[in-house]
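For reference, the structure discussed in these notes is given below.
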Amino acid sequence: MDPYSLRAVVEGSAEFVTQVSEACLAVGIRRDESDFENDLTVGLNVLAKIKTGDDLTDGDLDTLAPAYERIVSEWEQTVVDLEAVDAAPPLQDEWDDVLAAARERIDVYGNRLEAVRSGDLDRVTEAMQPTWEYPGIPIQDAGVQRPVCMLVSG
């Protein structure tokens, strides 16, 4: 599947695809303006440190806390944006999975933030290694084959 191609819209779902695409664009612009990718990189760098067996420090937590605060806030707004889509999806169960995957990010990053705020380095290490039910945001599976929706990644 080529994520950069524009696939035909399933008959009867043009309004849904339009609304989702508009939500995706809003998310992408907001994330670009807020430096969301750098916040994710902060978390990935700490995860890499954990995976290589390096000890976490209080300095790591000082860096993680504001990054995770912004990440949680962004995912909360992303869920609001996606839930605002009121057109009927062509594949309801798949759209429900998109929403569940986005909500899962709030839970996972929220748990990480709580662990960081606790100051317990073992708890942080554990929170950084969740078992994802949704490893990605399956927007394409929900019938939205638009490049702009690649901006809403998991």
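- Distance alone, capped at 3.5 Å, is enough to place a donor-acceptor pair between the Asp120 side chain and the Arg123 backbone.
- Considering all non-hydrogen atoms of both residues, Phe16 and Pro90 come closest at CD2-CD, 3.4 Å.
- At least one donor-acceptor pair under 3.5 Å links the side chain of Gln145 to the backbone N or O of Gln140.
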**Request:** Apply salt bridge (charged side-chain N to carboxylate O under 4.0 Å, His left out) to the pair Asp35 and Arg70, showing each step before the final yes or no.
**Result:** CA-CA 10 Å; Asp35 223 8; Arg70 290 185 296 267; over 6 Å; no
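- Placement of Leu25 and Leu82 in two distinct hydrophobic clusters is found when ILVMFWY residues are connected by side-chain heavy-atom separations under 4.5 Å, directly or transitively.
- Cluster membership check: Ile50 shares its hydrophobic cluster with Val116, using side-chain heavy-atom separations under 4.5 Å among Ile, Leu, Val, Met, Phe, Trp and Tyr.
- Closest heavy-atom contact between Ser21 and Arg146: OG-CG, 3.5 Å.
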Listed pairs under 3.5 Å, donor-acceptor, residues 91-100 side chains, sequence neighbours left out:
{"from": "Gln92", "atom 1": "NE2", "to": "Asp96", "atom 2": "OD1", "distance (Å)": "2.8"}
{"from": "Asp97", "atom 1": "OD1", "to": "Tyr134", "atom 2": "OH", "distance (Å)": "3.2"}

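- Remark: side-chain polar atoms of Asp60 are paired, donor with acceptor, to backbone N or O of Thr57 under 3.5 angstrom.
- The side-chain hydrogen bond (donor to acceptor under 3.5 Å, both in side chains) search around Glu37 returns none, not counting sequence neighbours.
- Remark: side-chain polar atoms of Asp32 are not paired, donor with acceptor, to backbone N or O of Gly28 under 3.5 angstrom.
- Follow the hydrophobic side-chain contacts under 4.5 Å out from Val72 and you reach Trp132 in the same cluster.
- Side-chain contact between Asp55 and Lys49 is absent, with no heavy atoms from C-beta onward closer than 4.5 Å.
- Between Val20 and Cys149 the shortest side-chain heavy-atom distance falls below 4.5 Å.
- Residue Ala84 comes nearest to Gln19 through the heavy atom pair O-OE1, 4.3 Å, listed as atom of the first residue, atom of the second, then distance.
- A heavy-atom distance below 4.5 Å is found between the side chains of Cys24 and Ile139.
- Linking ILVMFWY residues whenever their side-chain heavy atoms come closer than 4.5 Å, directly or via other members, leaves Val80 and Trp75 in distinct clusters.
- Pro130 approaches Ala127 most closely through the heavy-atom pair CD-O, 3.5 Å.
- Using a 3.5 Å distance cut-off with no hydrogens or angles, the side chains of Thr78 and Arg31 do pair a donor with an acceptor.
- Glu69 and Ser73 form no side-chain donor-acceptor contact under 3.5 Å, judged by distance and modelled atom types alone.
- When the shell of 6.0 Å around CD of Glu126 is examined, it contains 12 or fewer heavy atoms from other residues, nucleotides or ligands.
- Contact annotation: the side chain of Leu61 approaches that of Leu121 to within less than 4.5 Å [non-hydrogen atoms, C-beta and beyond].
- Note on residues 37-69: pairs passing ring pair (Phe, Tyr, Trp, His ring centres under 6.0 Å), not counting sequence neighbours, are Tyr68-Tyr109.
- Contact check for Val85 versus Glu22: no side-chain heavy atoms found under the 4.5 Å cut-off.
- Put simply, the side chain of Ile71 does not reach to within 4.5 Å of the side chain of Glu74, judged on heavy atoms.
- In this structure, the separation between CG on Leu44 and CG on Asp39 is 11.0 Å, given to the nearest 0.5 Å.
- The two atoms that bring Pro138 and Ala101 nearest to each other are CD-CB, 3.9 Å, heavy atoms only.
- Between Glu83 and Arg103 there is a salt bridge, since at least one side-chain N of the basic residue sits less than 4.0 Å from a carboxylate O of the acidic one.
- For the pair Leu56/Met128, no side-chain contact is recorded, criterion being any heavy-atom separation below 4.5 Å from C-beta on.
- When the side chains of ILVMFWY residues are joined at heavy-atom separations under 4.5 Å, either directly or via intervening members, Ile106 and Ile137 end up in a single hydrophobic cluster.
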